[in-house]
Amino acid sequence: QVQLVESGGGLVQPGGSLTLSCAASGSIFSIPVMAWYRQAPGKQRELVAKITASGSANYADSMKGRFTISRDNAKNTVTLQMNSLNPEDTAVYYCNAQIRRRSDGPVFNYWGQGTQVTVSS
């Protein structure tokens, strides 16, 4: 029913930029929070950035000043603009969203399938 689909991953050189996008589809009333997580090989999944429906954003310390998260509530999309990328940013990036499917219903947590970001020269 509800799906999150990421796009925009790929190979980029150190210092380069990349923009990830995620679109939520299906039966959706509202999305209180949308976020990006990432998981590198051998490491735990970590929060990259999150943003509320009102536009309040939070970032992990290593991403501050380099990444920018934004969303379009009308289109149920969230984007992550990544600048000054370094090899440590290499990971699978996952879209995450807290979604309320009905006005009187509960909020559910959804995950995208992930998109690979590789930073290498």
Is there a continuous path of hydrophobic side-chain contacts, each under 4.5 Å between heavy atoms, that joins Val33 to Val107? no
When rounded to the nearest 0.5 Å, the distance separating CD of Gln3 from CD1 of Ile99 is 10.5 Å
Minimum-distance pair of heavy atoms, taken over all atoms of Ala24 and Leu4: CB-CD2, 3.3 Å
Looking only at heavy atoms, which two atoms of Ser121 and Pro14 are closest? And how far apart? N-CD, 3.7 Å
Counting distance only, does the side-chain N/O of Gln113 pair as donor-acceptor with the main-chain N or O of Val5 below 3.5 Å? no
Under the 4.5 Å side-chain heavy-atom rule for ILVMFWY, direct or indirect, which residues accompany Trp111? Tyr37, Leu47, Val92, Tyr94
Just grab all the side chain to side chain donor-acceptor pair (under 3.5 Å) pairs involving residues 98-110, residues at least two apart or on different chains. Asn96-Asn109, Gln98-Asn109
Salt bridge (Lys or Arg N to Asp or Glu O under 4.0 Å): which pairs involve residues 77-93, sequence neighbours left out? Arg38-Asp89, Arg66-Asp89
Would Val12 and Trp36 show up in the same hydrophobic cluster when neighbours are defined by side-chain heavy atoms closer than 4.5 Å? yes
Members sharing Phe29's hydrophobic cluster, built from side-chain contacts under 4.5 Å between Ile, Leu, Val, Met, Phe, Trp and Tyr, are none
Please report the closest heavy-atom contact between Gly9 and Val117, naming both atoms and the distance. CA-CG2, 4.3 Å
If you group Ile, Leu, Val, Met, Phe, Trp and Tyr by side-chain heavy-atom gaps below 4.5 Å, do Met34 and Phe108 land in one group? yes
List in chain and number order the residues that pass salt bridge (charged side-chain N to carboxylate O under 4.0 Å, His left out) with Lys43, two or more places apart in sequence or in another chain; answer none if no residue qualifies. none
Could you pull out every donor-acceptor pair under 3.5 Å between side chains of residues 72-83 and any protein atom, sequence neighbours left out?
from, atom 1, to, atom 2, distance (Å)
Asp72, OD1, Ala74, N, 3.1
Asp72, OD1, Lys75, N, 3.3
Asn73, OD1, Arg71, NE, 2.6
Asn73, OD1, Arg71, NH2, 3.2
Asn73, ND2, Ala53, O, 2.9
Thr79, OG1, Ser70, OG, 2.7
Asn83, OD1, Ser17, OG, 2.8

Shortest non-hydrogen pair, Ala97 vs Ile31, comes out as CB-CG2, 3.9 Å
Here the gap from Ser25 atom OG to Gln1 atom CD, rounded to the nearest 0.5 Å, amounts to 8.5 Å
Does a donor on one side chain and an acceptor on the other come within less than 3.5 Å for Ser56 and Ser54? no
